[in-house]
Amino acid sequence: MSRKPTRAQTMAQFHPAPPQRARAELEFDEPAILGDLFGQFDANLVLLENRLGVYIAARGNRIQIEGSEDSVARARDVLKGMHQRLKQGLELDVGAVDALIMMSSEPTLEGIISGGQDAPGVMIRTRKKTIVPRSAMQIDYMLALARQDIIFGLGPAGTGKTYLAVAQAVSQLMSGSVQRLILSRPAVEAGERLGFLPGDMKEKVDPYLRPIYDALYDCMPPEQVERRIASGEIEIAPIAFMRGRTLADSFIILDEAQNTTQAQMKMFLTRFGQNSRMVICGDPKQVDIPGGVEHSGLADAVRRLEGVDNIATVRFTVADVVRHPIVGRIVEAYEGKEA
C-alpha cells in the first residue's frame, strides 16, 4: 500500500528549492582589449546579465559572475569566446555576442573557442572580414561548404544560408580555387509580366537578386564587385539563363530554390561541371509557385538526393536565426500558427 506523502513532501512540490547559486571569476591578461570586451558603458556585460540571468561585476581585468550554476557556466564560456574573438582581431558587435550566447548551450561552443576537434578552423576569410559560426548548425553548414560538392541549405529566413554561401564563394574566388561565381535565383513573379517592367534584362531581374548583391558587397569592396561582374568572373542571372550550359571551375549558388519547379531544379543540378561546387538555398515552408510544396523543385530534389555521396543537406531551424532576436520569435510565431 502506498504511503501518504508527508506535509514537507507536499509543500516541496509547490515550493521547489531555489536553484543553487554559483560564482566564477575570470582574469584577462590583455588590458588593451578590455574596453571592447566590456562594450561602451559595459553594454556587453549588461547584455549577458539580461540574457542569462546572472550578475557580473568587473574590477580592473577581473570579472566575477554570480547566478545559477548553469547560467554562470554559460556566461563564463561566452566571455571566453568574446575575448578569443578580440584576440584574433575579429569584430565584437551585438550580433556576435548574441550568437555566442545562443551557442553557449551547445556542446560545440568550447570547440569553437579553443579551435579544438569539434570545429577545427571553422571560419571563412574574405577581403573585408573573417566570418565565424553564429549558431551550432552554421558549423555543420560551413564545414559542408568547404568539403562537399553539392550542398542543400534549408531553413527559415535569417539563418545565414545565402550569406555564408556567398562568403565561401568569394573566399574561393579570391584564393583561385574557382574561376567564376555564378549566383542565381528564380524570378517568381516574372513570367510574361517581366516584360512590362522598365529597363533592360539586368534592370528587370536585379530587384529579385538584391539579397545576393548585399552579401557580395559585404564580403568584397564595391569596386571589385563591379569590376568582376563586368569581366564575367561574377555572374548574377535568373535560373532561366542556366539552360544548355555546363558550369565548370565555378562556385554556383541558387537562392530561393523553393520557388523552382521540379523541371527547373533538374535542369539546374545537371549544369554541374568539373571542379565546381553548388549550393542550393531555400525555405521549404515559403513556396510561392502555383501548386505549393508538392510542385517545388527543392523538396523534390532533397527527397531524391539525400544520402547520395558528396551531397550534403543541412537543415536550419528557428533556433538558428542570427538576425535580431525578434526575427526568431516572429518566425516561431508564424510556424506555430501554421502548425
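For this chain, numbers begin at 1 and follow the sequence in order.
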In Å and rounded to the nearest 0.5 Å, what is the [atom1] to [atom2] distance from [X] to [Y]?
X	Y	atom1	atom2	answer
Leu145	Gln138	CG	CD	10.0 Å
Met82	Phe28	CE	CZ	8.0 Å
Leu45	Ile63	CG	CD1	5.5 Å
Ile150	Leu254	CD1	CG	11.5 Å
Arg277	Ile151	CZ	CD1	6.0 Å

For a quick check under 3.5 Å, do [X] and [Y] share a side-chain donor-acceptor pair by atom type?
X	Y	answer
Gln264	Gln262	no
Asp218	Tyr163	yes
Thr162	Asp255	yes

Around [X], counting heavy atoms of other residues, nucleotides and ligands shown, do more than 12 lie under 6.0 Å from its [atom1]?
X	atom1	value
Gln40	CD	no
Gln274	CD	no
Arg304	CZ	no

Using a strict cut-off of less than 4.0 Å between a Lys/Arg side-chain nitrogen and an Asp/Glu carboxylate oxygen, indicate whether [X] and [Y] qualify as a salt bridge.
X	Y	answer
Asp300	Arg303	yes
Glu69	Arg23	no
Arg76	Glu25	no
Glu233	Arg180	no

For this session: Evaluate the side-chain contact (heavy atoms from CB on, under 4.5 Å) criterion for residues Phe152 and Leu298: first the C-alpha distance (whole Å), next the side-chain angles of each, then the deciding distance (0.1 Å), finally the verdict.
Result: CA-CA 9 Å; Phe152 288 95; Leu298 177 62; 3.8 Å; yes
For this session: For the pair Ile239 and Arg185, evaluate side-chain contact (heavy atoms from CB on, under 4.5 Å) and give the outcome as yes or no after the intermediate values.
Result: CA-CA 6 Å; Ile239 191 171; Arg185 178 182 172 122; over 6 Å; no
Exercise. Same hydrophobic cluster for Leu52 and Tyr55, using side-chain heavy-atom links shorter than 4.5 Å among ILVMFWY?
Worked result: no
